[in-house]
Amino acid sequence: EKGGYAHFMLKEIHEGPRTVQDTLRGRLAKEERIAFPGLSLTPQDLQRFERIAIVGCGTAYHAGAVGKRWLEQWLRRPVEISVASEFRYSDPIVGPDTLVILISQSGETADTLAAMREAKARGATTLAIVNVIGSTLAREADAVILTQAGPEIGVASTKAYLAQLVVLALLGLFLAQLESPGGLPPHLQTLVSALPEMPQLLERCLQQEEAIKALARKLVSSKSFFYLGRGLDYATALEAALKLKEISYLHAEAYPAGEMKHGPLALIEPGVAVIGISTQSLTREKMESNLKEVKARQGTVVVVEPEGVVSDGADERIVLPSAPDYLMPILAIAPLQLLAYYIARERGCDIDQPRNLAKSVTVE
Ligand code: F6R
């Protein structure tokens, strides 16, 4: 059932391009308009909301961290993001004017279910982005959008994260469409046109597998890993660091790159690996100088950047195909999932069943 792959995780990483394609299918009409057939919220319902809150756990929360930035920028409306276990007890400011988006692969995560019930009790409308049809979250939420990732067996979530990103991008552009009946502004229409290209670009990311395997061998003896990024790249950093932690048992943390100098830079010394994610032109120069600060303390620097860009001073590079900046999170995570996978494999870890973890967490 692993289709010739050594682990479900590797198989599922390679299913990424197909997952993106399946998640786009039926939602991107020919005339380049986004539609969610079967969505039980009307355009009038969706335009009524003044606030949006996104809630999830782990990887689903990280997808939400990308979604928050997309929706906020595309809709110019406030979007909050919370970890589900924190949301519930935070006396959240949500009510009838709020759309609460709950993201979950399994649809059975106790924290996320509790957050949904709390949001409903406060009169908010709940929209679930979920992978498992018929799951509790899918049944109880006011509206559902299915990710089309297919069954995910590996405990570490990979293709489901991609599907969550694609749904969030579609949803953000769909809501933006409702707000501009005369047509989307050109910078957003460009994204709609670029979405169908993503599966093929993602395939190109995965073709670097041999290079990433070699990089994993170089990095495996590092004592600690920092994943740095700004804006959307910080959200990618969070997810990339989680992947490494959970399957390789190595210490990894994500930091907004600009925060390093406010403390954590003290931890950088030889033997510490720093993965700088730099896909956003707005912050490229700032990222470059943040990575130079790391290099000066003799950390090993790996930069993840689009082709045609060469940041100064990195020891290693992971090159991504170019795409609109907004969509880079969909591409940047794939090589970092592979990197985590091959580091864990070098260490002989039980990749599909990491210690202490379960696929679906049904206690709060
Ligand atoms: C990480 C991972 C977990 C889940 C989290 C939420 O790879 O798998 O962090 O993402 O437990 O699970 P779902 O999405 O099923 O609610």
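Counting starts at 1 for both ligands and their atoms, following the listed order. What you see is a predicted model, and the numbers here were worked out from it, not measured in a lab.
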Amino acids in close contact with ligand 1, where any non-hydrogen atom sits under 4.0 angstrom away: Cys57, Gly58, Thr59, Ala60, Ser104, Gln105, Ser106, Thr109, Val155, Ala156, Ser157, Leu242, Lys243, Glu246
Please confirm whether His7 and Tyr341 have ring centers closer than 6.0 angstrom. yes
Tell me if the centroids of the rings in Tyr5 and His14 come within less than 6.0 Å of each other. yes
Is the Tyr255 to Tyr227 ring centre distance short of 6.0 Å? no
Would you mind reporting whether Arg122 and Asp91 have side-chain heavy atoms less than 4.5 Å apart? yes
For residues Glu259 and Pro264, report the shortest heavy-atom separation together with the two atoms involved. O-CD, 3.5 Å
Who pairs with Tyr249 by side chain to side chain contact (heavy atoms under 4.5 Å, CB included), at least two apart in sequence or on another chain? Arg347, Cys349, Pro354, Arg355
